[in-house]
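Reviewing the structure listed below.
Because the structure is a prediction, the values reported are computed rather than measured.
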Amino acid sequence: MKDLIRQVLIELGEDPERPGLRGTPARVDKALRFLTSGYVQDVDKLLNNAMFDVKYDEMVIVSDIDFFSLCEHHILPFFGKCHVAYFPNKRVIGLSKIARVVEVFSRRLQVQERLTTQIAETINSKISPLGVGVVIEAQHMCMMMRGVERQNSRAITSAMLGSFRNRQETRMDFLDLLMKSRPR
């Protein structure tokens with residue numbers, strides 16, 4: 001990949017041998033491999049020992065999970081907060097593992113809509129809860145730096161499965177709790 005990055009610099013009109021750019025191909029290679037490390041992570045291994053049989057029937061919410069991803073259309077960053085809720089059905093997942101699931105899927109070339117769905121579907125398939133809700137709020141550099149150049153825009157996506165999709169009051173409880181937790 002370093003040779004390709006070097007060629008990109010040349011195509012942009014730069015000299016990859018000038019002092020400030022000499023190490024850039026290696027740095028970009030390392031950065032891209034880190035930012036897309038979700039492709040080599042195995043969700044099953046990640047969750048292996050973090051699912052527990054528990055008698056608990058109230059909503060579990062992990063909110064304000066920071067994430068960073070790369071837009072697959074421009075390979076520019078998008079970043080924001082992910083909020084995950086579920087109703088257990090005899091099994092729960094370790095709270096920190098929810099943040100890890102967000103990280104695995106955000107460390108891939110993504111669109112926000114797919115990212116939202118992947119998180120919800122993974123939690124749904126691993127612990128079979130009564131329902132899962134995921135809301136992502138993000139700012140996209142492809143909208144802020146180029147194109148429409150709107151610095152204050154946010155994209156909000158949601159994925160609602162099971163009781164979060166089928167029962168309006170469940171969905172509204174989740175969204176209401178998210179709104180109440182916002183700083184005033």
Side-chain angles (χ1 to χ4, degrees), residues 1-18 20-51 62-86 93-127 132-161:
M1 191 168 14
K2 290 177 229 160
D3 291 337
L4 295 171
I5 300 302
R6 187 177 193 290
Q7 189 58 40
V8 167
L9 291 171
I10 292 168
E11 292 293 324
L12 291 172
E14 272 292 354
D15 174 10
E17 294 306 315
R18 77 174 171 82
L21 290 177
R22 274 193 205 123
T24 296
R27 287 188 295 270
V28 172
D29 175 61
K30 185 176 180 181
L32 285 174
R33 290 184 195 283
F34 173 76
L35 294 171
T36 60
S37 61
Y39 290 118
V40 296
Q41 292 181 298
D42 182 342
V43 173
D44 290 326
K45 284 183 182 175
L46 175 82
L47 299 177
N48 192 24
N49 295 317
M51 294 175 286
V62 180
S63 66
D64 295 321
I65 302 167
D66 292 317
F67 77 92
F68 300 87
S69 194
L70 292 174
C71 160
E72 69 182 30
H73 299 129
H74 304 99
I75 311 187
L76 288 173
F78 69 97
F79 57 93
K81 305 271 186 199
C82 180
H83 316 284
V84 178
Y86 70 94
I93 186 171
L95 298 175
S96 68
K97 297 301 183 178
I98 293 172
R100 294 281 189 199
V101 168
V102 172
E103 183 177 294
V104 165
F105 291 112
S106 66
R107 294 281 167 94
R108 298 176 180 185
L109 299 179
Q110 280 289 11
V111 294
Q112 184 174 331
E113 298 85 347
R114 182 186 320 114
L115 175 60
T116 308
T117 301
Q118 286 175 325
I119 294 164
E121 288 177 346
T122 297
I123 292 169
N124 195 52
S125 72
K126 298 303 176 191
I127 60 169
V132 178
V134 176
V135 174
I136 292 182
E137 307 170 74
Q139 292 182 284
H140 293 250
M141 297 306 282
C142 58
M143 286 183 65
M144 297 169 71
M145 294 176 64
R146 57 162 308 282
V148 297
E149 296 184 49
R150 298 297 176 250
Q151 282 70 40
N152 296 309
S153 63
R154 284 184 312 146
I156 301 172
T157 52
S158 67
M160 304 289 173
L161 304 176

To the nearest 0.5 angstrom, please state how far the [atom1] atom of [X] sits from the [atom2] atom of [Y].
X: Arg107; Y: Tyr39; atom1: CZ; atom2: OH; result: 13.0 Å
X: Glu17; Y: Leu9; atom1: CD; atom2: CG; result: 10.0 Å
X: Ser69; Y: Leu109; atom1: OG; atom2: CG; result: 7.5 Å
X: Ser37; Y: Leu32; atom1: OG; atom2: CG; result: 11.5 Å
X: Ile127; Y: Leu47; atom1: CD1; atom2: CG; result: 9.0 Å
X: Ile136; Y: Ile156; atom1: CD1; atom2: CD1; result: 11.5 Å

Next item on the list: Give me the one residue out of Ile119, Leu115, Asn124 that meets side-chain contact (heavy atoms from CB on, under 4.5 Å) with Val134.
Entry: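 The passing option is Ile119.
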Item checked: Option passing side-chain contact (heavy atoms from CB on, under 4.5 Å) with Lys126 (candidates Leu46, Asp44, Val101) -> Asp44
Any chance [atom1] of [X] has more than 12 other-residue heavy atoms, nucleotides or ligands included, within less than 6.0 Å?
X: Arg154; atom1: CZ; value: no
X: Phe79; atom1: CZ; value: yes
X: Met145; atom1: CE; value: no
X: Arg108; atom1: CZ; value: yes

Closest non-hydrogen atom pair, [X] against [Y]:
X: Ser158; Y: Thr116; answer: C-CG2, 3.6 Å
X: Cys142; Y: His74; answer: CB-ND1, 3.4 Å
X: Tyr86; Y: Ile98; answer: CE2-CD1, 3.9 Å
X: Asp29; Y: Met1; answer: OD1-CE, 3.0 Å
X: Cys82; Y: Phe67; answer: N-CD2, 4.2 Å
X: Val111; Y: His73; answer: CG1-CE1, 3.4 Å

Would you say [X] and [Y] make side-chain contact, with heavy atoms under 4.5 Å?
X: Phe78; Y: Met143; value: no
X: Glu14; Y: Thr24; value: no
X: Leu161; Y: Glu121; value: yes

Notebook entry, point to check: Taking it one step at a time, do Lys81 and Asp66 satisfy side-chain contact (heavy atoms from CB on, under 4.5 Å)?
Noted result: CA-CA 5 Å; Lys81 305 271 186 199; Asp66 292 317; 2.5 Å; yes
Item checked: Steps toward side chain to side chain donor-acceptor pair (under 3.5 Å) verdict (Gln41, Glu103) -> CA-CA 10 Å; Gln41 292 181 298; Glu103 183 177 294; 4.5 Å; no
Check: Any side-chain donor paired with an acceptor under 3.5 Å for Thr157 and Gln112?
Finding: yes
Margin query: Do Arg114 and Thr117 pair up side chain to side chain, a donor and an acceptor below 3.5 Å, judged on atom types alone?
Written below: no
Next item on the list: Kindly determine whether Met160 and Val135 satisfy side-chain contact (heavy atoms from CB on, under 4.5 Å), including the steps that lead there.
Entry: CA-CA 9 Å; Met160 304 289 173; Val135 174; 4.0 Å; yes
